[in-house]
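Keep in mind the model is a prediction, meaning the values are calculated, not measured.
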Amino acid sequence: RGKIKGKFLLTAAGDTGENEIKHLFKDLDARDPKEFLRRIDPDKYYPVYGDDSKSVDDAPTSGKFYVRLERGDSHVMWGNYKTKISGTRYLQVDRGLYGGNMVLRSPGNTSFGEPRFQATAFGAQPETLPQRDEYRGTGGSAYFLKRQKIIEGSETLHVEYRDPITGHVIERRALAYGEDYSIDYLQGVVILSKPLPSSTAVSGPVRDGALGGYATYFIAQYEYKGRADEMDDYAYGGRAEAWLRNSVRVGVTGISDQTGTADYRAYGADIRIRRSENSYLDAEFARTKGPGFGLSNSTDGGLTTSDTATTGRSDKASQAWAIRGQMDLKDFKRLGFPGTLGGYYESKDAGFTSLTDQIRVNERIWGAHAELPLTSTLDLDLSYDDYRNDEGRRKSEAEVAVSWEYDAYWKAAFGVSYSKLYSPTSVAAGKSGYNGTRLDAGVRVDYRESEDYLYYGFAQATVDKKGDVKKNDRYGVGAEVRLTEKIGAQGEVSWGPTGLGGLAGLTYDPTAEDHYYL
């Protein structure tokens, strides 16, 4: 490890292994499947007993050699790495691979701190296969991956919050190893540091069902060792993006993966126009061809799984495009009032496939939202989402809510929600509850005695409905309290035509590191 001409930092390592002399320098670029046996996690096992020493691997590689040449934030390398293709929603790539990798970043930055130009490229003969598992939150923290013998460090984990009506992803949050989760690579078990509920908490005046809220999903993407006959080709790809001044970014992405039955190719382009971090306009186009990789689904934390077959075709390319934007009114002082406006539109063709999408039938989804503070104590929230596909299925929902903070203790909110559902396949199968419209109105009152004590009550009723959708009347009370410095509790009970609903929870934190929940 050392500097070259004072500009380039070179890190290189070689290990011929314990072969016969005539085989020492053969297959230098091959992966050694026994390499993981020599890797020791210093946080779990002590290489030297009696002290707190740690081992650091400056040359992580699954083969016989490692080399990395870097200058500033740019580098070229051969060894173990994790691809980081972001900036595109459709063609993100997060894979742990062994092969060649290049990252180039310009020395100059924009006023927001990003490189004015950056590019990344990778190429590898993986000898592993990517897997994507999707779990509905269970209220627990243990999740069993579909595969075992996970390649160490290859996982990328997220929590997604989705609209229960349209399935649109509202927010995606990345999880950090050691802080948000731990993982057993051999058995394929993930333990989250906090339990993941099936839905987010509801603070609005109108909810759908007993608990409502956004649907919560745990997403795991990782590499696993496949059969030898599944891995006979290469995976490669790259992305380049550049900022034109500080306000316009253009990017292009390309991916090819011919591992096993995948034979998958994709490319796309995107552009971002921004005024600030909260005011921007994004547009993206992507095109895919080939079956790609499917995903597995589970509603019980992985105890049982069902596979979603890939929808891509080798003889036909499919495309998707989207435009989305947001405007922080503070960035446009001429308008004279604060608030946030936003909207999106997405269109995906049947057969479009990626690590996040498997589109079976042409579909499109669009929506808009607004958050407007009318006064210092009065806020107005508006939202609309609409989903349709070529089978005639439709889901749409509009919400209007007004919230009023009377003082530091009391808060009240009133809202109206309109929803429309139609599913021809459900109607043909004789299932009820999937065809009609409904108008709901509700009110919620919160009393926060302190940071440790919150009490609330809510009531809502279906004002009008058509078709066979069910009424959504519901009345209930709840509380979130801190019983002692180490013990917390929450509870809610409600009633409506669809039955009794409730939740209860206890938490116990004896130390800063230990957390128990029921």
If you measure from CG on Leu91 to OG on Ser86, what distance do you get to the nearest 0.5 Å?
12.0 Å
Roughly how far, to the nearest 0.5 Å, is the OG atom of Ser494 from the CG atom of Leu503?
8.5 Å
Could you check whether Phe285 and Trp321 have their ring centres less than 6.0 Å apart?
no
When the ring centroid of Trp366 is compared with that of Tyr387, is the distance short of 6.0 Å?
no
Min side-chain heavy-atom separation [X]-[Y] under 4.5 Å:
{"X": "Tyr143", "Y": "Leu196", "result": "yes"}
{"X": "Lys470", "Y": "Lys465", "result": "no"}
{"X": "Ile191", "Y": "Ser182", "result": "yes"}

Does this structure show an ion pair linking [X] with [Y], if we count only N-O contacts that are shorter than 4.0 Å?
{"X": "Glu284", "Y": "Arg89", "result": "no"}
{"X": "Glu160", "Y": "Arg162", "result": "yes"}
{"X": "Arg173", "Y": "Glu171", "result": "no"}
{"X": "Arg448", "Y": "Asp446", "result": "no"}
{"X": "Arg265", "Y": "Asp257", "result": "no"}
{"X": "Asp282", "Y": "Arg272", "result": "yes"}
{"X": "Lys146", "Y": "Asp307", "result": "yes"}
{"X": "Lys316", "Y": "Asp349", "result": "no"}
{"X": "Lys395", "Y": "Glu363", "result": "no"}

Between Ser417 and Arg438, is any side-chain donor less than 3.5 angstrom from a side-chain acceptor?
no
Step by step, would you call Phe218 with Leu175 a side-chain contact (heavy atoms from CB on, under 4.5 Å)?
CA-CA 10 Å; Phe218 169 61; Leu175 302 181; 3.9 Å; yes
Cation over ring, [X] on [Y], under 6.0 Å and within 45°?
{"X": "Arg388", "Y": "Tyr422", "result": "no"}
{"X": "Arg136", "Y": "Tyr217", "result": "yes"}
{"X": "Arg444", "Y": "Tyr456", "result": "yes"}

Run the side-chain contact (heavy atoms from CB on, under 4.5 Å) test on Arg275 and Tyr280 for me, step by step, so that the C-alpha distance in whole Å, both residues' side-chain angles and the decisive distance to 0.1 Å come before the verdict.
CA-CA 6 Å; Arg275 185 182 181 95; Tyr280 57 85; over 6 Å; no
Tyr177 and Tyr181 aromatic ring geometry - parallel, tilted or perpendicular at 30°/60° bounds:
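Because their plane-to-plane angle is over 60°, the rings of Tyr181 and Tyr177 count as perpendicular.
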